[in-house]
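Some notes on the structure that comes next.
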Number of protein chains: 2
Amino acid sequence: MARATGPSRSQPTTLSDVARLAGVSVATASKALNGRSQVRAETRQRVIEAAERLSFRPNQVARGLLAGRTGTVGLLTSDLEGRFSIPILMGAEDAFGAGEVAVFLCDARGDVIREQHHVRALLGRRVDGLIVVGSRTDPRPSLGRELPVPVVYAYAPSEDPEDLSIVPDSVGAGRIAVDHLLACGRTRIAHITGDPGYAAARDRAEGARAALADAGLALVGEPRFGAWSEGWGRAATAMLLDRHPDVDAVLCGSDQIARGVMDVLRERGHRVPEDVAVMGFDNWQVLTSASRPPLTSVDMNLEQVGRAAAHALFTAIGGAPRSGTENLPCRVVIRGSTAPLS
Amino acid sequence: MARATGPSRSQPTTLSDVARLAGVSVATASKALNGRSQVRAETRQRVIEAAERLSFRPNQVARGLLAGRTGTVGLLTSDLEGRFSIPILMGAEDAFGAGEVAVFLCDARGDVIREQHHVRALLGRRVDGLIVVGSRTDPRPSLGRELPVPVVYAYAPSEDPEDLSIVPDSVGAGRIAVDHLLACGRTRIAHITGDPGYAAARDRAEGARAALADAGLALVGEPRFGAWSEGWGRAATAMLLDRHPDVDAVLCGSDQIARGVMDVLRERGHRVPEDVAVMGFDNWQVLTSASRPPLTSVDMNLEQVGRAAAHALFTAIGGAPRSGTENLPCRVVIRGSTAPLS
DNA sequence: AGCGTCTCAGAAAACCTTTTCGGCCCGTTT
DNA sequence: AAACGGGCCGAAAAGGTTTTCTGAGACGCT
């Protein structure tokens, strides 16, 4: 085919070009640019100027081939659309981007076959490591122990305890949520949460119960498991108010549920936070700041999870692999929906 | 440092290993595995079995170095957290992932310096092309014409008309939204939208006006520009109802605004959709399906934008670059908040 | 003068794969 | 019988960089 009429598309300049312009060999040019000592200062300067003039950028592909390390990692996510993957991905990208590591993004769409395909493709590209990001906190199958590169699991831990997993501390999240409500003077606390098939729902409920038990208290009724939706929040609240009209706080399993809860509370004439305090989980900005009043919520620090995973992978590549599941603390973000009882 | 105690980390097998096991030269092994014709069928079979047994995966780095094409592209996004980048990114990842192209993800955090840094790093890795994903539909500065690889701009067009940009048709989106409301028999249509500094707000308003003009109608009052928030939706609706209590449809600049609008309509006793139809833009699932009733919204087909960008980049790499801004159609997703006037 | 030492530059190998070209063997044609 | 052609395989180069090793020149010392 004839040459396209587009822009220049000239070949990138190579080290040979630089060396020729500087009047030295490629070996010397390489040493000059990489700060090796075997070069006279004056020669080094000449090489640097030549590289500058040709705007030389070393070919990382060639460098990777030679070094056996490419300076790339694979980021394998299960559902890109899910809002949990994104902050983790940002944290990882952030931690790597600061250094000299580039990230291959792959979305497996939750499909095992596709995941296998991506793993193979990434290994073919000789990535130095892999981060596997799940979409739920439930344990997931390991990629296996026989991979030629280190792997770190983020958000969804691996089922294999020999793998390293970085996850938010869901039980702790339940505890600090209740601790905050207790600090507000609430004692009749109900818990409306999502699908009991999710570890996140069960773990948070367990943490909430434990924190209440520590204070010599118990939940108002049983935790109400259901769905992660506003609709369930509304329905559950209606039932709750019928049975326990004296509740003074509702801990919700997600910000979406919390919005449904607050809607029904307001419709039934309960003031938030004066009569009933409401809390959510996930700290999803679009929901927490748009609700009336703004919603207190537990942030899972997902960016930090991503950063920690990136850092762990980095040290594993360096030759010091850890293993086991590491729980990172969450934090309460206080807004208008919780306040001390007056 | 001593060898780490972790898993094997053995060197990946190379073509030489395969060739040795099969008792042939690397050249023959390569030809056998790549379906070249210069190999006897029996020999080919032996090589394939050897490769199988060693689970050989060709080193894409070496292949890239030789071929001058790496089979990688850079995806440069401005704000990863923004919900507009993600679907585009998914579409692109999808379109590439099907083939043999891997995607480097870089987030510039909206910072020009960081963007430059990433572009240079990506070029150092010899990507075959770049996709630049913006966070708003407003034009953005070009990366320049002198890059050694093709570039496609997605969502946010380049200011340089010589570049190729793939964007959703915001004006058309406004038109089809009004067309839908007209088809429902609505004639007194108001428009409450977001920050007038955004091209998306202005373009949609323009499209809406044009569609109404085609029908011999006009908006009820002027378009109400404000902020992309529920709060603005509520405030603007209050003002609207005071001045024009006979409005029978509100076209909202975003789903968030629409939620605020619907809240106030319901509080003031207007039924949706019987008395007033409400529409949003963006089709953000968490908002549209959780509202009461579920919200009709205009979907910008962002995944398709991403796929189209990937496809355009692919053909540009193949040597047939296009240029200019290409507008992709949006679509109306009908839910309960709009219905024919009875 | 001879020898050792030090500094700096270049040649060459290595990384892994693909492709081109040359050569060998065997069967076929003139 | 000689030439030829085709099928099959291997040697070698190429891609760009880094690193090691060798060598050349300069200098100081005996």
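Proteins get letters first, then strands, A, B, ... in listed order; numbering begins at 1 in each. Since the model is a prediction, treat every value here as computed from it, not as a measurement.
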(message) Taking the nucleotide of DNA chain D with the nearest heavy atom to each, does B:R46 or A:F56 sit closer to the 5' end?
(response)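 By nearest-heavy-atom nucleotide position, the 5'-most residue is B:R46.
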How many Å lie between [atom1] on [X] and [atom2] on [N], as a whole number?
{"X": "A:L65", "N": "C:dT17", "atom1": "CG", "atom2": "P", "value": "9 Å"}
{"X": "B:D17", "N": "C:dT17", "atom1": "CG", "atom2": "C1'", "value": "13 Å"}
{"X": "B:R69", "N": "D:dG15", "atom1": "CZ", "atom2": "P", "value": "17 Å"}
{"X": "A:R125", "N": "C:dC16", "atom1": "CZ", "atom2": "C1'", "value": "15 Å"}

(message) I'd like to know if B:D111 and B:R109 make a salt bridge, using a cut-off of under 4.0 Å between side-chain N and carboxylate O.
(response)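 So B:D111 does not pair with B:R109 through a salt bridge.
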(message) Could you check whether A:E42 pairs with A:R46 (Lys NZ or Arg NE/NH1/NH2 to Asp/Glu carboxylate O, under 4.0 Å)?
(response)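 Between A:R46 and A:E42 there is a salt bridge, with a charged N closer than 4.0 Å to a carboxylate O.
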(request) For A:A67 and for A:S25, locate the closest nucleotide of DNA chain C by heavy-atom distance; then report the residue assigned to the nucleotide nearer the 5' terminus. (result)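 In this pair, the answer is A:S25.
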(message) Less than 4.0 angstrom between a side-chain N/O of B:T43 and OP1 or OP2 of D:dC8, yes or no?
(response)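 False: B:T43 side-chain N/O out of range (4.0 Å or more) of D:dC8 OP1/OP2.
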(message) If the cut-off is 4.0 Å, is A:R40 near the phosphate of C:dA9, judged by side-chain N/O to OP1 or OP2?
(response)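 Checking C:dA9 against A:R40, a side-chain N or O does come within under 4.0 Å of OP1 or OP2.
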(message) Does B:S85 form a side-chain hydrogen bond (donor to acceptor under 3.5 Å, both in side chains) with B:D79? I'd like the steps, not just the answer.
(response) CA-CA 7 Å; B:S85 308; B:D79 75 325; 3.1 Å; yes
(request) Taking atom CZ of A:F314 as the centre, report whether more than 12 heavy atoms of other residues, nucleotides or ligands fall under 6.0 Å from it. (result)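 Count not over threshold, so no.
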(request) Summarise protein proximity over nucleotides 18-26 of chain C in one line of letters, 5' to 3': B for base, S for sugar-phosphate only, - for none, counting protein heavy atoms closer than 4.0 Å. (result) BBB------
(request) Would you mind classifying the nucleic acid contact of A:V24 as base, sugar-phosphate or nothing, using non-hydrogen atoms under 4.0 angstrom? (result)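 Sugar-phosphate only.
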(message) Keeping B:D169 on the side-chain end and B:N327 on the backbone end, is there a donor-acceptor pair under 3.5 Å?
(response)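 Flag not set: sc B:D169 to bb B:N327 has no pair under 3.5 Å.
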(request) Measure across B:D163 and B:S158 and return the closest heavy-atom pair with its distance rounded to 0.1 Å. (result)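 Distance-wise, the nearest heavy atoms are OD2-OG, 2.7 Å.
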